[in-house]
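Keep in mind that the numbers below use all heavy atoms, side chains included, and drop hydrogens, waters and symmetry copies. Just so it is clear: chains get the letters A, B, ... in the order the sequence lines come, proteins before strands, and each one is counted from 1.
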There are 2 protein chains.
Amino acid sequence: MPQHEPLPRDPVAEARRNWEREGWTQAAGPMAAVTSIMRAQQLLLARADRILKPFRLTFSRYEVLALLSFTREHRMLMKKASALLQVHPTSITNAVDRLEGAGLVRREPVSTDRRAVNVTLTPEGLEVVAQATRALNKDLFLTTGFEDHEVEAVVGALNGFRARCGDFTPPESSSDPRRAGS
Amino acid sequence: MPQHEPLPRDPVAEARRNWEREGWTQAAGPMAAVTSIMRAQQLLLARADRILKPFRLTFSRYEVLALLSFTREHRMLMKKASALLQVHPTSITNAVDRLEGAGLVRREPVSTDRRAVNVTLTPEGLEVVAQATRALNKDLFLTTGFEDHEVEAVVGALNGFRARCGDFTPPESSSDPRRAGS
DNA sequence: GGTCGAAAGTAGTACGTCCGACTATATCCG
DNA sequence: CGGATATAGTCGGACGTACTACTTTCGACC
């Protein structure tokens, strides 16, 4: 699936050695982690898009569908989708435009606020997202090769980072402060 | 820096609960890991681009400059840059177009192969990449908040994944088979 | 030596993302 | 009540990425 031949050596390790050679030893580890994340995301996104291609979906559009499918009424405000997916409102507009064109969602007015728009999953959309999820589970999530302890390590470490970056408010007081500890 | 308010709850944990509720327990962990990686990359890229903005650089263009800066002659074939950065040749063309426009690199013909093009760092480019690297070290890598053990966990786990995906050939025989061990 | 396939790079197109500007509506308050 | 401000969503543009198609050149084979 990568359009490139495998490299003879790990480019992340290479970069780390370069950093250490320049004396940036403190930054070398985090730099390697950041670079690993960037490259892994690139590989994951490419794989996901390839898996979703038969459904005429991209990963971004799949995320919108999946989000809707987990709501009671299969319906959500554009604004809320934008907030939950942490993307710019125009990205949601873009995704919904295409999903609506494909008949997988509908835009509906909101009676209590005429500025707002509800996005609703159509029956076709519900069917497609179910199939797409099965495909992703089978061909991506179940075959990443991540070991259980790696999953917890990655999720745990990135959890802390995301919380610090303001992705979400870490559960400090009430809810449940369990960490992804092994 | 995120253009959104922090969410009240962790969306990754939320998704994981949804997966488990549907009975996709095997896939739930890797799904959470993948989602974490996607979101972390989004946050990291946004931060990096913001840090690089004063230098009129994006992270992609910075990567090209950094790659060149670590070669002896500050020079590299387009093709090789494409392979090392694992991006499509057209992405390199795009990046080099803009870097050349900014006077940070030059395209030079290759005497032994008239199809090929060498990209060479200009003195301005060398200066800019040095400053940009200092900025990234200071404002991104040294402030990710990753603990040492988290760095090794993330790098190690993604290392395995990237090797399996064909990002690079894992060192199995000769070179140096040390893993990202603590 | 000539042909034919492969390789390096570029142009054009599609898509996703962000930003800034804009419209329409809602809300706050004086 | 009415103007100022804030909010929901969209439009146009910039940028990064990938894909396809194309040109030029290389190299290999007959």
Side-chain angles (χ1 to χ4, degrees), chain A residues 1-5 38-39 41-50 52-53 56-64 76-102 105 107-119, chain B residues 1-5 38-39 41-50 52-53 55-65 76-102 105 107-119:
Chain A
M1 32 303 287
Q3 61 280 22
H4 290 281
E5 289 302 304
M38 297 285 193
R39 289 187 95 106
Q41 189 266 355
Q42 192 176 13
L43 293 166
L44 287 167
L45 185 61
R47 260 178 85 169
D49 280 342
R50 232 163 36 83
L52 293 172
K53 195 158 197 179
R56 299 179 165 277
L57 285 178
T58 63
F59 192 69
S60 328
R61 284 178 253 169
Y62 167 78
E63 286 185 301
V64 174
M76 185 176 281
L77 292 176
M78 301 280 284
K79 170 67 182 185
K80 186 162 187 189
S82 162
L84 288 176
L85 296 176
Q86 296 280 87
V87 293
H88 199 274
T90 50
S91 297
I92 299 292
T93 295
N94 185 338
V96 169
D97 282 350
R98 299 173 193 282
L99 289 170
E100 195 172 29
V105 304
R107 277 183 168 93
E108 293 173 345
V110 179
S111 59
T112 59
D113 185 344
R114 289 196 295 172
R115 296 169 303 180
V117 173
N118 255 327
V119 187
Chain B
M1 27 307 288
Q3 61 279 25
H4 290 281
E5 289 302 304
M38 296 284 193
R39 288 186 96 108
Q41 189 267 354
Q42 193 177 11
L43 293 167
L44 286 167
L45 185 62
R47 261 179 82 169
D49 280 342
R50 234 164 32 84
L52 293 173
K53 195 161 195 175
F55 303 101
R56 299 179 165 277
L57 286 178
T58 62
F59 191 68
S60 327
R61 282 178 255 169
Y62 167 79
E63 285 185 301
V64 174
L65 293 184
M76 185 177 282
L77 292 176
M78 301 280 283
K79 171 66 182 184
K80 186 162 187 187
S82 162
L84 288 176
L85 296 176
Q86 295 282 90
V87 293
H88 199 276
T90 51
S91 297
I92 298 292
T93 295
N94 185 339
V96 170
D97 281 351
R98 299 174 194 281
L99 289 170
E100 196 171 28
V105 304
R107 276 182 169 94
E108 294 173 344
V110 178
S111 58
T112 59
D113 186 343
R114 289 196 296 174
R115 296 170 303 180
V117 173
N118 255 327
V119 188

**Student:** Does OP1 or OP2 of dA8(C) have a side-chain N or O of R114(B) closer than 4.0 Å?
**Tutor:**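 No.
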
**Student:** Whole angstroms only, please: what is the NE2-C1' distance between H88(A) and dG9(D)?
**Tutor:**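 Rounded to the whole Å, the gap is 11 Å.
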
**Student:** Counting only side-chain N and O atoms of S60(A), is one of them less than 4.0 Å from OP1 or OP2 of dT17(C)?
**Tutor:** yes

**Student:** Starting at atom CD of Q41(A), determine the distance to atom C1' of dT17(D), rounded to an integer number of angstrom.
**Tutor:**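 Rounded to whole Å, this separation is 11 Å.
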
**Student:** Of the candidate nucleotides dC15(C), dA8(C), dG20(C), which contains the atom at the shortest distance from the side chain of R61(A)?
**Tutor:** dC15(C)

**Student:** Just call it for S82(B): base, sugar-phosphate, or nothing, with non-hydrogen atoms closer than 4.0 Å on any strand.
**Tutor:** nothing

**Student:** How long is the gap from CG on L57(B) to CZ on R98(B), to the nearest 0.5 Å?
**Tutor:**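 So the gap between those two atoms works out to 12.5 Å.
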
**Student:** Does Q42(A) have a side-chain nitrogen or oxygen under 4.0 Å from the phosphate oxygens OP1 or OP2 of dG16(D)?
**Tutor:**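 No.
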
**Student:** Less than 3.5 Å between a donor and an acceptor, one on the side chain of T90(B) and one on the base of dC19(D), is that the case here?
**Tutor:**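 Flag set: donor-acceptor pair detected.
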
**Student:** Could you state the atom-to-atom distance from CG of D97(B) to P of dG16(D) in whole Å?
**Tutor:** 11 Å

**Student:** Is D113(A) touching bases, backbone alone, or none of the nucleic acid, heavy atoms closer than 4.0 Å?
**Tutor:**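 Contact class for D113(A): sugar-phosphate only.
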
**Student:** Can you check whether any acceptor in the base of dC11(D) is under 3.5 Å from a donor in the side chain of T93(A), or vice versa?
**Tutor:** no

**Student:** On the nucleotide dT10(C), are OP1 or OP2 found under 4.0 Å from the side-chain N or O atoms that R107(B) carries?
**Tutor:**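 Yes, within the criterion.
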
**Student:** Using whole Å, report how far CD1 of I92(A) lies from P of dC11(D).
**Tutor:** 15 Å

**Student:** If I take atom CG in residue L77(A) and atom P in nucleotide dA26(C), what distance separates them, rounded to the nearest angstrom?
**Tutor:** 13 Å

**Student:** Taking N and O atoms by type only, does the side chain of R115(B) place a donor or acceptor under 3.5 Å from a partner on the base of dT24(D)?
**Tutor:** no

**Student:** Nearest whole Å is fine: how far is dA14(D) P from L52(B) CG?
**Tutor:**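 About 21 Å, once rounded to whole Å.
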
**Student:** Starting from P on dG12(C), measure out to CG on N94(B) and report it in whole angstrom.
**Tutor:**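 Value for this atom pair: 13 Å.
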
**Student:** Between R56(B) (CZ) and dA14(D) (C1'), how many Å, whole number?
**Tutor:**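 That distance rounds to 14 Å.
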
